[in-house]
A.B. asks: 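If you scroll down you'll find the structure; I have some questions about it.
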Amino acid sequence: MMFGSSSGSVLEMDWSKRHGISETANKVDEFMEQHVLEYNSFVVIHGAGSFGHFQASKSGVHKGGLDRALVKAGFVATRISVTSLNLDIVRALAREGIPSVAMSPFSCGWSTRERNIASADVSTVVEALDSGFVPVLHGDAVLDESLGCTILSGDVIISHLAAHLKPQFVVFLTDVFGVYDRPPSEPNAVLLREIAVSEDGSWSVVNPTFEDSDKRVEISVASHDTTGGMVTKISEAAMIAKLGIDVYIVKAATEHSLTALSGKLRDKIPEDWLGTVIRYVP
């Protein structure tokens, strides 16, 4: 995603003061004669994972009720956790020479009503993109007009941004190769390579084909996940696909995810590619 690099070395952008590290001055000097690199515009959105779901589920933040001490404390604890993770991810990207900037939905004024987005100013995201930065957003604890508070899923954020930014494609990175017909830990689980989304938002598996045409996909949700897990992911992916934007669900840190992120799947899906494609079929 980077163009015009004149050297093989990566110039780090993390100049933050960290314990035991005092190389900031040298890193700054390295940029003195460096030209600004060009990037394909992209946005990174990550979930809360083990950094936030536990705190949210234990305190009930996703259910609302800021008049309760436990919920208010859980709201604070959840935000500390997810923003800490966000900082780690921004730093990791910056160390690879990617000009990433953190953007927390709560701090940017995003809010919900009955857990649905009520207010979401995407202008800061657009301005960051136009300025050559990579916005990094995350699942967050936000205020809810009717419930008091709730958890805004990273998957919902992706869907909302896709509707406004109209990206060429969307990639969901997971810890498995894609969507399966049952929990992938179960024997004989089958990877669903392509899912078609209809005009009404319903979806069906087109590859592979099953002998039982009424076969339903069984999806489980972890007990600590307050945002719906893979169920929400597929639902939001279907909404994105309805916009005419292909969605790829693929395992992170694999050659398959690199292929998806590079945009090579837009022309043709290779037979040896492992992942799930979700696309609109009129």
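Values below: every heavy atom of this structure, side chains too, minus hydrogens, waters and symmetry copies.
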A.B. asks: Measuring from atom CG of Leu66 to atom CZ of Phe75, what distance do you get when rounded to the nearest 0.5 angstrom?
C.D. replies: 6.5 Å
A.B. asks: Is there side-chain contact between Arg115 and Leu152, with heavy atoms separated by less than 4.5 Å?
C.D. replies: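 A side-chain contact is absent here, since even the closest heavy-atom pair is not under 4.5 Å.
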A.B. asks: Using side-chain heavy atoms (C-beta onward) and a distance below 4.5 Å, is Phe42 in contact with Leu261?
C.D. replies: no
A.B. asks: Is there a path of hydrophobic side-chain contacts, each under 4.5 Å between heavy atoms of I/L/V/M/F/W/Y residues, joining Leu137 to Leu129?
C.D. replies: yes
A.B. asks: Looking at every heavy atom in both Ser146 and Arg113, which two are closest together, and how far apart are they?
C.D. replies: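 That closest heavy-atom pairing would be OG-C, 4.1 Å.
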A.B. asks: State, with a plain yes or no, whether a side-chain heavy atom of Cys108 is found less than 4.5 Å away from one of Asp121.
C.D. replies: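 Contact flag for Cys108/Asp121 side chains = no.
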A.B. asks: Got Ser104 and Arg79 here, is their nearest side-chain heavy-atom distance under 4.5 Å?
C.D. replies: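 Touching, per the 4.5 Å side-chain cut-off.
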A.B. asks: Using modelled atom types only, decide if a donor and an acceptor are shared between the side chain of Thr150 and the backbone of Asp144 within a distance under 3.5 Å.
C.D. replies: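 Answer holds: no.
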A.B. asks: Roughly how far, to the nearest 0.5 Å, is the CG atom of Asp140 from the CG atom of Asn86?
C.D. replies: 9.0 Å
A.B. asks: Should the ring pair His46 and His138 be called parallel, tilted or perpendicular, given that the plane angle runs from 0 to 90° and is split at 30 and 60?
C.D. replies: parallel
A.B. asks: Output yes when a side-chain donor or acceptor of Lys268 lies under 3.5 Å from a complementary backbone atom of Leu265, and no otherwise.
C.D. replies: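 Side chain of Lys268 to backbone of Leu265: no pair is present.
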A.B. asks: Pro105 and Ile157: which non-hydrogen atoms are nearest, and at how many Å?
C.D. replies: CG-CD1, 3.6 Å
A.B. asks: What verdict does the side-chain contact (heavy atoms from CB on, under 4.5 Å) test give for Phe172 and Ile278, after you've listed the backbone C-alpha separation in whole Å, the side-chain angles of each residue and the deciding distance to 0.1 Å?
C.D. replies: CA-CA 11 Å; Phe172 285 85; Ile278 300 179; over 6 Å; no
A.B. asks: Going through the distances and angles, do Trp110 and Val122 end up as a side-chain contact (heavy atoms from CB on, under 4.5 Å)?
C.D. replies: CA-CA 9 Å; Trp110 291 45; Val122 301; 4.2 Å; yes
A.B. asks: Counting heavy atoms not belonging to Asp130, are there more than 12 under 6.0 Å from its CG?
C.D. replies: yes
A.B. asks: Is there a donor-acceptor pair closer than 3.5 Å between any side-chain N or O of Asp14 and the backbone N or O of Ala94?
C.D. replies: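 The answer is no, because no donor-acceptor pair under 3.5 Å joins these two groups.
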A.B. asks: Is Trp203 reachable from Leu243 through a run of I, L, V, M, F, W or Y residues, each pair having side-chain heavy atoms under 4.5 Å apart?
C.D. replies: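 Per the 4.5 Å side-chain linkage, Leu243 and Trp203 are co-clustered.
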A.B. asks: Please report the shortest heavy-atom distance between Gly201 and Lys242, naming the atom on each side.
C.D. replies: CA-CD, 3.7 Å
A.B. asks: For Val281 versus Ala196, what's the shortest heavy-atom pair and its separation?
C.D. replies: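 That closest heavy-atom pairing would be CG2-CB, 3.6 Å.
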A.B. asks: Please report the interatomic distance CG(Asp181) to CD(Glu186), rounded to the nearest 0.5 Å.
C.D. replies: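 Those atoms lie 9.0 Å apart.
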A.B. asks: I need the Arg68 CZ to Cys149 SG distance, nearest 0.5 Å.
C.D. replies: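 It is 9.5 Å, given to the nearest 0.5 Å.
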A.B. asks: From Thr78 OG1 over to His62 NE2, what is the distance, rounded to the nearest 0.5 angstrom?
C.D. replies: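 Reported to 0.5 Å precision, the distance equals 10.0 Å.
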A.B. asks: Does the side chain of Val44 come within less than 4.5 Å of Ser100's, by heavy atoms?
C.D. replies: no
A.B. asks: Just by distance, do the side chain of Arg279 and the backbone of Glu194 share a donor-acceptor pair under 3.5 Å?
C.D. replies: no
A.B. asks: Counting C-beta onward and ignoring hydrogens, is there a side-chain heavy-atom pair between Val171 and Ser257 closer than 4.5 Å?
C.D. replies: no
A.B. asks: Measure the spacing between CD of Glu127 and CZ of Phe133 and express it to the nearest 0.5 Å.
C.D. replies: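 One gets 12.0 Å once the value is rounded to the nearest 0.5 Å.
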A.B. asks: So if you build clusters from Ile, Leu, Val, Met, Phe, Trp, Tyr with side-chain heavy-atom gaps below 4.5 Å, do Leu191 and Val176 land together?
C.D. replies: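 Yes, it is one cluster - the side chains of Leu191 and Val176 are joined through contacts under 4.5 Å.
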A.B. asks: Short question: side chain of Thr276, backbone of Leu192 - any donor-acceptor pair under 3.5 Å?
C.D. replies: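 Checked: pair present.
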A.B. asks: Work out which heavy atom in Val101 is nearest to a heavy atom in Val90; give both atom names and the distance.
C.D. replies: C-CG2, 4.4 Å
A.B. asks: Can you hop from Ile158 to Val82 via hydrophobic side chains spaced under 4.5 Å?
C.D. replies: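 Cluster IDs for Ile158 and Val82 differ.
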A.B. asks: Answer yes or no: is there a donor N or O on one side and an acceptor on the other, between the side chain of Ser202 and the main chain of Ser198, under 3.5 Å?
C.D. replies: no
A.B. asks: Do you know the tightest heavy-atom contact between Leu274 and Arg193?
C.D. replies: CD2-NH1, 4.1 Å
A.B. asks: Dump the intermediate steps for side-chain contact (heavy atoms from CB on, under 4.5 Å) on Lys63 and Val71, then the final yes or no.
C.D. replies: CA-CA 9 Å; Lys63 300 177 181 178; Val71 174; over 6 Å; no
A.B. asks: Under 6.0 Å from the CD atom of Glu145, do we count more than 12 heavy atoms belonging to anything else shown?
C.D. replies: yes
A.B. asks: Do Leu161 and Tyr280 share a hydrophobic cluster (ILVMFWY, side-chain heavy atoms under 4.5 Å, transitive)?
C.D. replies: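 No: no chain of side-chain contacts under 4.5 Å links Leu161 to Tyr280.
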A.B. asks: With the side chain counted from C-beta on, respond yes when Val179 and Val205 share a heavy-atom pair under 4.5 Å apart, and no when they do not.
C.D. replies: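 No. Closest side-chain heavy atoms not under 4.5 Å.
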